[in-house]
Amino acid sequence: MMTGYRYIIGAILVCFLLLATSCNEGLREESPATDTASATTDVNSADQLYAQRADLTQLRRGIVSLRQAETKDPGNYDAAWKLSKFDYYLATHTDDSKERDDAFKAGIDAGKTAVQLQNDKPDGHFWLGANYGGAAEQSAIQGLATVKDIQSEMETVLRLDQGYQNGSAYMVLGLLYLNAPGIAGGDPKKAVEEMEQGLRFGEPNAFLHLHLAEAYKKVGRNDDARRELKKILSMTPDPNYLPEYKESSAAAQKLLDQIDHGS
């Protein structure tokens, strides 16, 4: 009799094991596989669309491609930091305030993801800090970032790669000191010092020259400001940064006119 019971119990255990194995196989089949190759194709497609970023429709298409890449390969660092970069550009160029706020939030989230994936690379830290700064300056949504958040990310960039993006981390820190009220750490002289350090790496960086000129003007160094502005206007623009050059040269001419007319 006991033998019969053992046989029945054994048969039941076998059935359970077979059922569990079958369920696990079903779960494995239902779980989406990481598609690294397809994700890389999406990132490359996004890069091509970013080259047309002056048309925000193309930029938005690039953002869609990067989101697809993240879905296919959640560990794709390039997709994460580039999404933060694309969102920053969208946020700082759209005329729609809701789209702007949403893009800054998405850029911050993507930057945080990039930092989690590759904490020892500068890209994620830089674009996270840039979105923090843009949100603090332009977004109606409060509490997305503090001055210390921005400083922390840019100081990390400088520790990892001082010359990243032609000295752009120095530029962002300089803008922080230039635009923040004194009670929050604002200091135009310190802004000048930071951006002058960036010039070691940033001769081709038109925006660095522009913002340094703004800082010079604020501390009463108009001749130095003119020098920086004329550098922008005489530059041969990098074909990869034509939209940025057009923006910076237009702003440079406007600021030069203000200085020359004493305004």
Side-chain angles (χ1 to χ4, degrees), residues 20-53 56-94 99-135 139 141 143-146 148-166 168-169 172 240-241:
T21 301
S22 175
C23 288
N24 286 335
E25 288 176 352
L27 288 172
R28 283 197 293 270
E29 289 173 1
E30 291 174 5
S31 299
T34 299
D35 191 346
T36 304
S38 181
T40 299
T41 299
D42 287 334
V43 172
N44 292 338
S45 174
D47 286 339
Q48 294 172 10
L49 291 164
Y50 189 76
Q52 305 170 62
R53 59 192 172 280
L56 292 186
T57 299
Q58 301 305 316
L59 180 75
R60 294 182 186 103
R61 289 178 59 203
I63 289 172
V64 171
S65 289
L66 291 174
R67 287 175 179 164
Q68 289 173 344
E70 281 197 316
T71 299
K72 295 171 183 176
D73 182 8
N76 192 309
Y77 175 69
D78 284 342
W81 77 259
K82 288 180 180 181
L83 185 56
S84 186
K85 173 184 175 181
F86 284 35
D87 277 317
Y88 177 81
Y89 191 94
L90 178 60
T92 55
H93 290 81
T94 181
E99 183 177 47
R100 177 197 65 203
D101 292 345
D102 289 346
F104 275 134
K105 287 194 293 183
I108 288 170
D109 289 343
K112 287 179 178 178
T113 297
V115 167
Q116 289 170 354
L117 290 172
Q118 295 282 354
N119 188 53
D120 59 347
K121 291 186 178 180
D123 318 90
H125 291 286
F126 180 81
W127 291 107
L128 173 58
N131 277 285
Y132 276 154
S139 177
I141 300 174
L144 288 179
T146 66
K148 287 185 178 180
D149 290 327
I150 303 164
Q151 285 177 320
S152 175
E153 295 306 325
M154 292 304 154
E155 287 168 1
T156 300
V157 174
L158 293 179
R159 178 172 54 81
L160 295 171
D161 180 0
Q162 278 190 305
Y164 184 77
Q165 292 282 301
N166 294 321
S168 287
V172 174
N240 294 318
Y241 293 94

- Mind checking whether D87 and F104 have side chains closer than 4.5 Å, heavy atoms only? no
Distance col, row D161:CG vs T156:OG1, nearest 0.5 angstrom, shows 12.5 Å
CG (L56) and CZ (R61) are apart, to the nearest 0.5 Å, by 13.5 Å
Rounded to the nearest 0.5 angstrom, the OH-OG distance for Y50 and S65 is 14.5 Å
Does any non-hydrogen side-chain atom of I63 lie less than 4.5 Å from one of L90?
yes
Closest non-hydrogen contact found for A106 with R67 is CB-NH2, 4.5 Å
Report task. Determine yes or no for a side-chain-to-main-chain donor-acceptor pair under 3.5 angstrom, with S168 supplying the side chain and Y164 the backbone. Result -> no
Correct closest heavy-atom pair for S84 and L128 would be OG-N, 3.9 Å
Criterion side-chain contact (heavy atoms from CB on, under 4.5 Å) on E153 and F126, from CA distance to verdict
CA-CA 6 Å; E153 295 306 325; F126 180 81; over 6 Å; no
Minimal heavy-atom distance between A69 and V43, with the atoms involved, is CB-CG2, 3.8 Å
Worksheet item: Do the side-chain N and O atoms of N76 and T36 include a donor-acceptor pair separated by under 3.5 angstrom?
Response: no
TODO: Flag the pair L160 / K121 as yes when at least one side-chain heavy-atom distance between them is below 4.5 Å, and no otherwise.
DONE: no
Checklist entry - Can you check side-chain contact (heavy atoms from CB on, under 4.5 Å) on T34 and K72, steps first, answer last? => result CA-CA 6 Å; T34 299; K72 295 171 183 176; over 6 Å; no
So CG of L49 and CG of N44: to nearest 0.5 Å the spacing works out to 11.0 Å
Smallest heavy-atom separation, Q52 atom then Q48 atom, equals NE2-O, 3.5 Å
### Query
Tell me, do D102 and K105 make a side-chain contact under 4.5 Å, heavy atoms counted?
yes
On a heavy-atom basis, the closest approach of I108 and A135 is CD1-CB, 4.4 Å
Can you check whether D109's main-chain N or O pairs, donor with acceptor, with T113's side chain at less than 3.5 Å?
yes
Checklist entry - Short question: side chain of H125, backbone of N119 - any donor-acceptor pair under 3.5 Å? => result yes
Looking only at heavy atoms, the pair that brings N131 and A103 closest together is OD1-O, 4.2 Å
inquiry  = Apply side-chain contact (heavy atoms from CB on, under 4.5 Å) to residues D42 and L66 and explain how you reach the verdict.
reply    = CA-CA 6 Å; D42 287 334; L66 291 174; over 6 Å; no
**Report entry** Salt-bridge criterion met for D47 and K82 (N-O under 4.0 Å)
**Finding:** yes
Value for NE2 (H93) from CZ (R53), rounded to nearest 0.5 Å, stands at 8.5 Å
One should read off an interatomic distance between T40 OG1 and D78 CG, to the nearest 0.5 angstrom, of 8.0 Å
query = Which is it for E155 and K148 under the salt bridge (charged side-chain N to carboxylate O under 4.0 Å, His left out) test, yes or no, and what are the steps along the way?
reply = CA-CA 10 Å; E155 287 168 1; K148 287 185 178 180; over 6 Å; no
Going through the checks in order, is the side-chain contact (heavy atoms from CB on, under 4.5 Å) test met by T146 and I150?
CA-CA 7 Å; T146 66; I150 303 164; over 6 Å; no
With side chains defined as the heavy atoms from C-beta onward, is the minimum distance between D35 and D73 less than 4.5 Å?
no
Exercise for the section: For the pair S152 (side chain) and D149 (backbone), establish whether a donor and an acceptor sit closer than 3.5 Å, ignoring hydrogens and angles. Expected result: no
Practice problem: Please work out whether the ring planes of W81 and Y77 are parallel, tilted or perpendicular, with thresholds of 30° and 60°. | Solution: tilted
field: Backbone of Y88 reached by a side-chain donor or acceptor of T92 within 3.5 Å
entry: yes
